[in-house]
Q: 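Here it is: the structure, laid out below.
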Number of protein chains: 2
Amino acid sequence: MSRPLAHPNIEDVTVAGILHALADPVRLAIVSELLKAESGLNCTQMTDRLEVGMPKSTCSQHYRILRESGLIVSERKGVELTSRVRGRELETRFPGLLQSILKAHEQEMMKTRRRGRSG
Amino acid sequence: MSRPLAHPNIEDVTVAGILHALADPVRLAIVSELLKAESGLNCTQMTDRLEVGMPKSTCSQHYRILRESGLIVSERKGVELTSRVRGRELETRFPGLLQSILKAHEQEMMKTRRRGRSG
DNA sequence: TACTGTAGTTCAATAATATTGAACAATAGA
DNA sequence: TCTATTGTTCAATATTATTGAACTACAGTA
């Protein structure tokens, strides 16, 4: 919470970086949740929603990787750090990319649920 | 070249698996090349095209990861192993996913070239 | 200023993956 | 069988990821 929170310039965002960030199931779920949320979510809120026993250091690292890949922007609000997806910028930089990945993810989640794997 | 070359069933292909496979710049380039090629490419041909000094064991591993993720199908032709992208199947399973990733990749390559980074 | 509670980061030890040279296996052709 | 070609597997090495514990930052209270 000390450093100035480096976000990459949108032109420096790479496809490989985005794919690497989203290749982790937890991070994919995080981005999915962030898109559903109206005005960002902090680590504590995210941990509650995902219902995985995620240590806060792990959440912090996931957020960092998402931030460094250019997928999210984080903003300090008092003691919290609220993050949200850089939707418009990413859409301009790589049209359709994030949408199709999230769409595929949703599709997969639905099939998994139908098979009875989780809730 | 001995084992029966296990390819996952298309229903077992996961988004995370695909993203992980394509998160590596070399593998992303491989898939891009395979899509350009008309009837598949083997490791030797791929190594020539990519113009990176890629050891054959490395190429073999990349092909294996792409195969196991469900992105490509490999077929023995004599002493060679020719691989191609499972385009139609993937399009059915996750519509638009592969296309948008490759489109983003092409876009990125164009910008990089304009900046003068490689050829 | 000091104290308390909350939120998140950093460190560092451990675990899991990735890389690749070298040895090996498979096939074609002579 | 011998040789050339293609690709796989092994195993040592290097790179990344995971996470508990210690630490930093901020807000509120007094």
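Below, all heavy atoms of this structure are taken into account, side chains as well, without hydrogens, waters or symmetry copies. Proteins get letters first, then strands, A, B, ... in listed order; numbering begins at 1 in each. Remember, it's a predicted structure, so these values are computed and weren't measured experimentally.
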Q: Going by number, which of residues 38-49 of chain B have a non-hydrogen atom under 4.0 Å from DNA chain D?
A: B:N42, B:C43, B:T44
Q: Heavy atom of residues 51-62 of chain A under 4.0 Å from DNA chain C: which residues?
A: A:K56, A:S57, A:S60
Q: Applying salt bridge (Lys or Arg N to Asp or Glu O under 4.0 Å), name anything that partners B:R84, two or more places apart in sequence or on another chain.
A: none
Q: Residues in side-chain hydrogen bond (donor to acceptor under 3.5 Å, both in side chains) with A:T82, at least two apart?
A: none
Q: Whole-Å distance between C:dC11 P and A:R64 CZ?
A: 11 Å
Q: Which side-chain N or O atoms in residues 50-58 of chain A pair as donor and acceptor under 3.5 Å with protein atoms at least two apart or in another chain?
A:
none

Q: Considering residues at least two apart in sequence or located in another chain, which fulfil the salt bridge (Lys or Arg N to Asp or Glu O under 4.0 Å) criterion with A:E75?
A: none
Q: For B:E89, which residues count as a side chain to side chain contact (heavy atoms under 4.5 Å, CB included) partner, sequence neighbours excluded?
A: B:I10, B:R86
Q: In chain order, what residues pass the side-chain hydrogen bond (donor to acceptor under 3.5 Å, both in side chains) check against A:E68, with sequence neighbours excluded?
A: A:R64
Q: Dump every N/O contact between nucleotides 15-17 of chain D and the protein below 3.5 Å, one line per pair.
A:
unit_1, atom_1, unit_2, atom_2, d
D:dA17, OP1, A:H20, NE2, 2.8

Q: Whole angstrom is fine here: how far is it from CD in A:E75 over to C1' in C:dG8?
A: 16 Å
Q: So, the side chain of B:H7 versus the backbone of B:S74: is there a donor-acceptor pair under 3.5 Å, distance only?
A: yes
Q: Could you list all the salt bridge (charged side-chain N to carboxylate O under 4.0 Å, His left out) pairs where at least one residue sits in residues 35-48 of chain A, not counting sequence neighbours?
A: A:E33-A:K36
Q: Expressed in angstrom and rounded to an integer, what is the separation of B:L5 atom CG from D:dT6 atom P?
A: 18 Å
Q: When the distance from CD of B:E80 to C1' of D:dT6 is rounded to whole Å, what number comes out?
A: 7 Å
Q: Could you state the atom-to-atom distance from OH of B:Y63 to P of D:dT9 in whole Å?
A: 16 Å
Q: Could you walk me through whether A:L98 and A:L71 satisfy the side chain to side chain contact (heavy atoms under 4.5 Å, CB included) test, starting with their C-alpha distance in whole Å, then the side-chain angles of each, then the deciding distance to 0.1 Å, before giving a yes or no?
A: CA-CA 9 Å; A:L98 191 56; A:L71 276 162; 3.9 Å; yes
Q: Report the distance from atom CZ of A:R76 to atom P of D:dC26, rounded to the nearest whole Å.
A: 7 Å
Q: What pairs meet the side chain to side chain donor-acceptor pair (under 3.5 Å) rule with one or both residues in residues 14-28 of chain A, with sequence neighbours excluded?
A: A:R27-A:H62
Q: How many Å lie between CZ on B:R67 and C1' on D:dT9, as a whole number?
A: 13 Å
Q: Mind checking what makes side chain to side chain contact (heavy atoms under 4.5 Å, CB included) contact with B:P95, not counting sequence neighbours?
A: A:K103, A:Q107, B:E91
